[in-house]
There are 2 protein chains.
Amino acid sequence: MSRRAEADRNDEAVFLAARDVFADVGADAPMSAIAARAGVGMGSLYRRYPSKVDLMRAVCTTSMERSMAEADRALAEEPDGWSALTRYMRRCVDLRVGSLARLAGMFPATAEMFALAERGQKVIDEITGRAKAEGTLRADVTSADIVLTISEMSALPAGPYRHRWLALVLDGLRAPGAGILPGPAPDWSSVRDRWVYQESPVSRS
Amino acid sequence: MSRRAEADRNDEAVFLAARDVFADVGADAPMSAIAARAGVGMGSLYRRYPSKVDLMRAVCTTSMERSMAEADRALAEEPDGWSALTRYMRRCVDLRVGSLARLAGMFPATAEMFALAERGQKVIDEITGRAKAEGTLRADVTSADIVLTISEMSALPAGPYRHRWLALVLDGLRAPGAGILPGPAPDWSSVRDRWVYQESPVSRS
DNA sequence: AGCGTAGCGGAACAGAACGCTCCGCTCCGC
DNA sequence: GCGGAGCGGAGCGTTCTGTTCCGCTACGCT
């Protein structure tokens, strides 16, 4: 394999490793664990991302972009809101967007990230709004519920159960006359507030 | 307040703090974070538990005992399997048994813990068996599904949404004709194997 | 009232862990 | 045959964390 091809393959391997390790162990995963998972040395890791924070940022923005692309595609290709929603959620679990939740608040977020998040919010609102209008998605959930659900589900350890569990939740999401959900409904601020700009990482207390 | 009363109150404060901090941040939460959360100095923490591993073990065994007591009570007091199951799950979320999942495999488990777990397995089997026999719990879930669900749910960060989310899952658990769940069903070994005895903590890679 | 001590908080220490740098090596492409 | 792009991983300095230790407080007994 050419040097260039190896580099390209390593680019993706590093991204996937970082995403999975962050999703599994959280923001304070050691860089060496990521390098090891990618099957790459520290040198190769640091040539791509000058610092750990850069890596985190890259994982977040790329994950956001990829999941948003899935949302757009689901909206464009699926015949109805429910199938768009389920397809989107399934893809997010595959994409391990739970890494976002594990990384939230652990490094200074950029303005670009907030802009990306805002666009994401719009498209998820669109999907859930459509499914609710159809009457296939229960009326007492919010789009923030959906985002929180996806986060948790894709933060689950790798294994055969993530999709099984998602299916369970989807059945709950569709349940028509099961009584209304208790407690206040989360709104977008519950999601966004995890990311408030900060000079230094939040303490772990 | 008498010295003795203060000590008693600190006992419980330390336990609750450790449970919540472990559930929130995971097994490598600093002891100082636990002391701070309990509103107690390091000295008071270490007088109660000679080492961090002792604390972890105590959190695990006490959580197991308390949750098992809830299971017994639900079984004894509730009129049917479904209400016993929902009550038990709700109480587990309150008890933050998700700390167990975050601690699993991070320290050598004792034989006592395995014995406790075995008893827990029996009573959960009993509850789910009853609910399934009634036809209120969907037939394609296993008791390991239930345990995994409880773990994840009570590992969610504190806040108003844990019970809301549990309600969502419960609706999915009850859904009658929603198609069968994808993938292999987890069994008890998926739960038990997290705890295999080991001389030193598992690496974080 | 005075004192012994149980219980407390937190500074300090030693060692482990981690981010990051650096360097010698490999092997593609000319 | 050679120049250098790209690689792996040992090592450095720092930060973090488990644990100890000590001086202090104030309850309760005499």
Side-chain angles (χ1 to χ4, degrees), chain A residues 1-18 21-22 24-59 102-103 106-108 198-205, chain B residues 1-18 21-22 24-60 102-103 105-108 198-205:
Chain A
M1 174 175 20
S2 80
R3 267 330 204 189
R4 179 63 204 161
E6 182 177 8
D8 283 348
R9 201 203 33 171
N10 279 354
D11 280 342
E12 182 69 4
V14 164
F15 170 77
L16 292 179
V21 170
F22 282 138
D24 286 344
V25 353
D28 48 6
M31 289 295 266
S32 60
I34 293 169
R37 169 93 89 122
V40 142
M42 299 290 294
S44 305
L45 217 195
Y46 273 89
R47 185 159 335 92
R48 278 155 243 270
Y49 304 96
S51 78
K52 187 175 183 180
V53 167
D54 287 302
L55 213 205
M56 288 172 154
R57 265 198 268 264
V59 166
R102 301 290 232 124
L103 259 21
M106 303 306 289
F107 63 91
Q198 54 192 359
E199 206 58 53
S200 54
V202 86
S203 100
R204 286 149 93 200
S205 69
Chain B
M1 175 174 21
S2 82
R3 264 338 200 183
R4 180 63 203 161
E6 181 177 8
D8 282 348
R9 199 203 34 172
N10 278 355
D11 280 342
E12 182 69 5
V14 164
F15 169 77
L16 292 179
V21 170
F22 282 139
D24 286 343
V25 353
D28 48 5
M31 289 294 265
S32 58
I34 294 171
R37 170 91 89 121
V40 143
M42 300 293 293
S44 305
L45 216 194
Y46 273 88
R47 185 161 334 94
R48 276 154 245 268
Y49 305 95
S51 77
K52 185 175 184 179
V53 167
D54 287 301
L55 212 205
M56 287 171 156
R57 265 198 268 264
V59 166
C60 286
R102 301 290 233 126
L103 259 20
M106 303 307 287
F107 64 91
Q198 54 193 359
E199 207 57 53
S200 55
V202 86
S203 99
R204 288 148 94 200
S205 70

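Order of the sequence lines fixes the chain letters, A, B, ..., with proteins taken first and strands second; residue numbering starts at 1 for each chain. Values below: all heavy atoms of this structure, side chains included; hydrogens, waters and symmetry mates excluded.
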Completion exercise
In whole angstroms, the gap separating P of C:dC20 from CG of A:L45 amounts to 10 Å
Practice task
Give the minimum heavy-atom separation between B:A38 and B:A13, together with the two atoms involved.
Solution key: CB-O, 3.8 Å
Problem - Phosphate-side-chain proximity, B:S44 and C:dG7, N/O vs OP1/OP2 below 4.0 Å - result: no
Handout entry: C:dC8 OP1/OP2 closer than 4.0 Å to side-chain N/O of B:N10
Key = yes
Fill in the blank from the handout: Value for NZ (B:K52) from CZ (B:F22), rounded to nearest 0.5 Å, stands at 5.5 Å
Fill in the blank from the handout: To the nearest 0.5 Å, atom CE of A:M31 lies from atom OH of A:Y46 at 3.5 Å
Problem - Rounded distance (Å) that lies between atom P of C:dA6 and atom CG of B:D11 - result: 16 Å
Please write out the pairs of protein N or O atoms and N or O atoms of nucleotides 19-23 of chain D separated by less than 3.5 Å, giving the distance to one decimal.
{"from": "D:dT19", "atom 1": "OP2", "to": "B:Y46", "atom 2": "OH", "distance (Å)": "3.0"}
{"from": "D:dT19", "atom 1": "OP2", "to": "B:K52", "atom 2": "N", "distance (Å)": "2.7"}

Fill in the blank from the handout: Note: A:L55 and A:A18 closest approach over all heavy atoms is CD2-CB, 3.6 Å
Exercise for the section: Could you tell me the separation between the CE atom of A:M56 and the C1' atom of C:dG19, rounded to a whole number of Å? Expected result: 11 Å
Problem - Nearest-neighbour nucleotide for the B:P30 side chain, D:dG18, D:dG8, C:dG9 considered - result: D:dG18
Problem - Pairing residues for B:S51 by the side-chain hydrogen bond (donor to acceptor under 3.5 Å, both in side chains) criterion, not counting sequence neighbours - result: B:D54
Handout entry: Distance below 4.0 Å between A:R48 side-chain N/O and D:dC7 OP1 or OP2
Key = yes
Handout entry: A:F107 CZ - C:dG19 C1' separation (whole Å)
Key = 17 Å
Practice task
Name all residues meeting the side-chain contact (heavy atoms from CB on, under 4.5 Å) criterion together with B:A35; count only those two or more places apart in sequence or in a different chain, and write none if there are none.
Solution key: B:M42, B:L45
Practice task
Can you measure from CG (B:L16) to CG (B:D11) and round to the nearest 0.5 angstrom?
Solution key: 11.0 Å
Practice task
To the nearest 0.5 angstrom, please state how far the CZ atom of B:R102 sits from the CG atom of B:D24.
Solution key: 8.0 Å
Practice task
Write down the distance between CD1 (A:I34) and P (D:dG9), rounded to a whole number of angstrom.
Solution key: 16 Å
Completion exercise
Rounded to whole Å, OH of B:Y49 lies from C1' of D:dG18 at a distance of 17 Å
Handout entry: Spatial distance of atom CG (B:L103) from atom CG (B:D28) [nearest 0.5 Å]
Key = 10.0 Å
Handout entry: Per-nucleotide pairing state of DNA chain C [Watson-Crick or G-U, under 3.5 Å; [ ] pseudoknot-crossing; | other strand]
Key = ||||||||||||||||||||||||||||||
